[in-house]
Novice: 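Structure provided below as structure tokens; questions to follow.
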Amino acid sequence: TPRIFSGIQPSGGLTLGNYLGALKRFAALQGAGAETIYCIVDLHAITVWQQPEILRARIREAAAAFMAAGVDPAQSILFNQSQVSAHAEMAWLFNTVARVGWMYRMTQFKDKAGKNSENASLGLLAYPALMAADILTYQATAVPVGEDQKQHLELTRDIAAKFNHDYGVTHFPITEPLIEGVATRVMSLRDGSRKMSKSDPSDASRINLTDDADAIAQKIRKARTDAEPLPDRIEDLKDRPEARNLVNIYAALADETPGSVLARFEGQGFGAFKPALAELAVASLSPITRKMAEYMADPAEIDRILGEGAARADAVAQPILNRTKDVMGLLRSK
Ligand code: TYM
């Protein structure tokens with residue numbers, strides 16, 4: 001059976017981009033003959049400094065978001081990265097396999113480190129080796145992510161291939177990225193050339209999973225668009241990134257193709273489309289927001305679920321970590 005792994009950073013409030021590009025797909029992949037393992041990657045989050053109390057709350061909030069979006073801890077393994085020590089151990093092993101040059105080439109490192117990259121944390125540079133460790137510690141074969149993680153997944157494949165080659169084994173699988181559907185890159189509501197992101201300074205640029213119905217409707221009403229009517233084919237929105245983004249969001253929320261959305265709205269302007277999108281977004285997201293609040297009202301229960309998930313993840317990870325140590329000539333402790 002295929003084994004699916006993916007993760008989300010608890011480094012800020014989650015957005016509609018995280019929901020459509022990741023969480024909604026995570027839920028859909030459950031029970032379809034695959035084993036699904038989902039992780040809140042707190043060790044990745046601390047590659048940039050996090051206020052400890054806020055981080056603790058965001059880890060629990062991320063767990064609540066996974067479950068509210070339909071990830072069922074009985075069907076999937078849902079856990080928090082730092083609670084399974086194999087991730088950090090495997091990451092060290094991969095630090096000896098990956099090359100420094102590979103890390104400097106990562107666009108996310110360049111973006112996050114900014115101009116003064118000498119002052120970035122060493123963890124921020126090594127981030128993709130930890131991500132490879134997340135995936136390969138479970139020998140996962142498929143990883144559902146949004147478009148922005150593509151380069152990191154290529155590096156995961158490079159690490160697996162170099163490890164296998166250097167040690168003359170076929171120990172690690174060459175993982176397939178699952179970058180599928182119409183919402184693999186949800187764009188900002190203010191600027192169709194930028195990704196919707198939890199770190200965008202403008203709150204109006206994104207829909208947060210904690211936004212109430214009024215906030216969602218208002219952000220969609222104010223979303224940047226153009227004055228043209230909608231065409232009947234998505235290809236005709238090639239040069240209208242804001243319009244294309246809203247149509248794709250509609251399609252992803254409604255589980256339709258952009259073509260079938262356009263068939264209904266063809267010839268109409270945003271005066272008609274936006275209220276329909278706002279209504280759909282509120283109807284789809286408010287049950288999630290409500291469930292998130294319910295889960296968050298009981299942090300002890302979240303901690304219990306994450307503890308159980310960590311024990312199950314550990315049971316899968318430890319034997320693979322131990323075999324990896326064997327291959328490398330290290331002595332195993334258990
Ligand atoms: P992160 O936390 O930035 O994002 C989590 C997931 O949400 C997707 N995503 C989006 N999808 C569509 N449109 C958007 N605007 C959008 N914004 C975010 C991301 O592509 C991602 O799938 N490095 C990863 C976390 C990670 C991971 C892993 C993922 C750590 N280890 C192992 C997979 C496997 C990250 O920072 O995602």
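These numbers come from a predicted model, not from an experiment. As the structure lists them, so they are numbered: ligands from 1, and atoms in each ligand from 1.
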Novice: Report the nearest protein non-hydrogen atom to atom 24 (C) of ligand 1: residue, atom name, distance rounded to 0.1 Å.
Specialist: Q149 OE1, 3.3 Å
Novice: Does M196, backbone or side chain, put an N or O under 3.5 Å from an N or O of ligand 1?
Specialist: yes
Novice: Looking only at protein heavy atoms, identify the closest one to atom 28 (C) of ligand 1 and say how far it is in Å.
Specialist: M131 CG, 3.4 Å
Novice: I216 and side-chain contact (heavy atoms from CB on, under 4.5 Å): which partner among D214, D212, I220?
Specialist: I220
Novice: Any N or O of N18 that comes nearer than 3.5 Å to an N or O of ligand 1?
Specialist: yes
Novice: Which of the atoms of ligand 1 are close to K195, meaning less than 4.0 Å from one of its heavy atoms?
Specialist: 15 (N)
Novice: List every atom of ligand 1 that sits less than 4.0 Å from any heavy atom of K198, numbering the atoms from 1 in the order shown and giving each element.
Specialist: 2 (O)
Novice: Within less than 4.0 angstrom of ligand 1, does Q81 place any heavy atom?
Specialist: no
Novice: Would you say Q9 has any N or O atom under 3.5 Å from an N or O of ligand 1, going by distance alone?
Specialist: yes
Novice: Is there any N or O on Y127 that sits under 3.5 Å from an N or O of ligand 1?
Specialist: yes
Novice: For atom 13 (N) of ligand 1, what's the nearest protein heavy-atom neighbour? Residue, atom name and distance, please.
Specialist: V186 N, 2.8 Å
Novice: Answer yes or no: does an N/O atom from G146 fall short of 3.5 Å to an N/O atom of ligand 1?
Specialist: yes
Novice: Backbone or side chain, does any N or O of V145 fall under 3.5 Å from an N or O of ligand 1?
Specialist: no
